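These notes concern the structure reproduced below.
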Amino acid sequence: MAEHKKEKILGVKGMNDVLPDEAPLWELFENTVQAVLRSYGYQQIRTPIVEPTALFARGLGAVTDIVEKEMYSFTDSMNGDQLTLRPESTAGVVRSVLEHNLIYDGPKRLWYSGPMFRHERPQRGRYRQFHQVGAEAVGFSGPDIDAELIMMCQRLWDDLGLSDIRLEINSIGDAEERNRHRADLITYFEKNSELLDAEAKRRLQSNPLRILDTKNPAMQDLVNQAPKLLDYLGDASRAHFDGLQRLLNANNIRFTINPRLVRGMDYYNRTVFEWITDHLGSQGTVCGGGRYDPLIEIFGGKPSPAVGFAMGVERLLELMRASTGTISAGQCDVYLVHQGDAAQLQAFIMGERLRDAGLDVVLHCAAPGGAGSFKTQMKRADASGAAYALILGDDEMAKGEASIKHLREPDMTNNQRHIAFDQVVDYLIDQIVGDGDHDHGHLHAGQVHTHH
Ligand code: ATP
Ligand code: MG
């Protein structure tokens, strides 16, 4: 009978699987992030991945890259609602803060982590599902919290072992200051309109500030000579920016002022910053942030200042892969090898007792072809990365003793012991956790092996 082999269904382009080999690095990253954010008193907030499309259209500004062309928007076929897979999380967090009146009793330090979705051209460091970790400090007005957020990033880079990330900061003032600058900017670009590319021409009236952000090499001279927003700052914006720099300097945070630095979203004001590396090609920004004082009022809330950042997890992991070295992937302490029904039952019981004692244990289970010979099972034990194989067969069952084989012992003649069933847990705990002098290979995700 002719059977058609079914075609495989593949994942969505630009949306990646994190495979088991990679997961320990993610776990290390996530654990480190959590510890650093907690050490500054930030609380986690988890908002839905889907939000009303209107939230992003209103919050991000209609003429931003994201809203113009990158959003995964769809109509809920059940009720006609317009929905969008979140392209970033600030809008959702602010919505949630307002919906639940989280700042009724004072400002809040919040952080989040999770997948974001943007319909961009997939390439190195740019995916359609990617992950961000971000922090939002809502209800804080001064440069002190701006400095704190930046220092938190610096501590995270240090704890992750990343050294080559530099900080650029700028102030983009308030709306009135930007308007005066904007008028002069448009005049300047109009005078030089023959040097503008198509995208810049399109942006000239709608969002001329973004022209300064162009990556077009032919326009670099033009944007370098353009009127600088920093020269338009009033006293309050100036004092805020000076205050930030004072705090960064006093805390030994190195930075450069990039007068052309602007952020993609419309809602930013005053402080903006980016953390940049030269090791990821043109996708070198690993974290971007800034102050967005106007946003809460735009969302219908009582005016309240706020500031935050978002970092690109995939880009940071790529840097970690280069600097951190290998991380043990899903290794266990003990692999249980067994033959026969009685031995299988004993293996289940011992497995539970070893896990009760805190060890990570893999019990051999049947695959097509059966439970497998001792030889097959020992191969599996070796491949599992376990430090020990605990072997139960007819002999062991008859004597009431388990054979315990040290799989990492270079001295192959003397690497097997017979241990009475009721001594097995103590023996293995002693060997593996022991007096702490030896590395018995008891290493789990979240611990790093660095090689220099
Ligand atoms: P870019 O200029 O690279 O498009 P952006 O201004 O759109 O960045 P933000 O919206 O500020 O980026 O997001 C913060 C961070 O999230 C970025 O600095 C980057 O590290 C990461 N990021 C943004 N878009 C992607 C993507 N498509 N794939 C992977 N990471 C991304
Ligand atoms: Mg972008």
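Being a predicted model, the structure only gives us computed values, none of them experimental. Side chains are part of it too, since the values below use all heavy atoms of this structure and drop only hydrogens, waters and symmetry mates. Counting begins at 1 with the first residue of the sequence. As the structure lists them, so they are numbered: ligands from 1, and atoms in each ligand from 1.
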So, Asn170 versus Arg260: side-chain donor-acceptor pair below 3.5 Å or not?
no
So which bit of Asp65 gets within less than 4.0 Å of ligand 1, heavy atoms only: side chain, backbone, both or neither?
neither
Between the side chains of Gln82 and Thr75, is a donor N or O closer than 3.5 angstrom to an acceptor N or O?
yes
Would you call Glu318 and Arg321 a salt bridge, taking side-chain N to carboxylate O under 4.0 Å as the test?
no
Out of Tyr268, Tyr127, Phe117, Phe130, whose heavy atom sits nearest atom 30 (N) of ligand 1?
Phe130
State whether a side-chain donor-acceptor pair under 3.5 Å links Tyr42 with Glu148.
yes
Side chain, backbone, both or neither: Arg126 near ligand 1, heavy atoms under 4.0 Å
both
Which of the numbered atoms in ligand 1 are under 4.0 angstrom from any heavy atom belonging to Lys215?
2 (O)
Do Gln225 and Tyr188 get their side chains close enough for a donor-acceptor pair, meaning under 3.5 Å?
no
Proximal ligand 1 atoms for Ala310, defined as those under 4.0 Å from one of its heavy atoms
14 (C), 15 (C)
May I ask you to check whether Glu177 and Ser237 show a side-chain donor-acceptor distance below 3.5 Å?
yes
Here the atoms of ligand 1 under 4.0 Å from any heavy atom belonging to Gly125 are 28 (N), 29 (C), 30 (N)
I need the atoms of ligand 1 closer than 4.0 Å to a non-hydrogen atom of Arg118, numbered in the order shown.
5 (P), 7 (O), 9 (P), 10 (O), 12 (O), 13 (O), 23 (C), 24 (N)
At under 4.0 Å between heavy atoms, is it the side chain or the backbone of Met116 that contacts ligand 1, or both, or neither?
neither
Where ligand 1 meets Thr285 - atom numbers and elements under 4.0 angstrom, heavy-atom basis
17 (C), 18 (O), 19 (C), 20 (O)
Under the salt bridge (charged side-chain N to carboxylate O under 4.0 Å, His left out) rule, what do Arg203 and Asp65 come out as? Steps first, then yes or no, please.
CA-CA 11 Å; Arg203 286 208 159 118; Asp65 275 356; 2.7 Å; yes
Does the side chain of Asp158 come under 3.5 Å of the side chain of Gln154 through a donor N or O and an acceptor N or O?
yes
Any non-hydrogen atom of Glu88 lying under 4.0 Å from ligand 1?
no
Does ligand 1 have an atom that lies less than 4.0 angstrom from a heavy atom of Glu314?
no
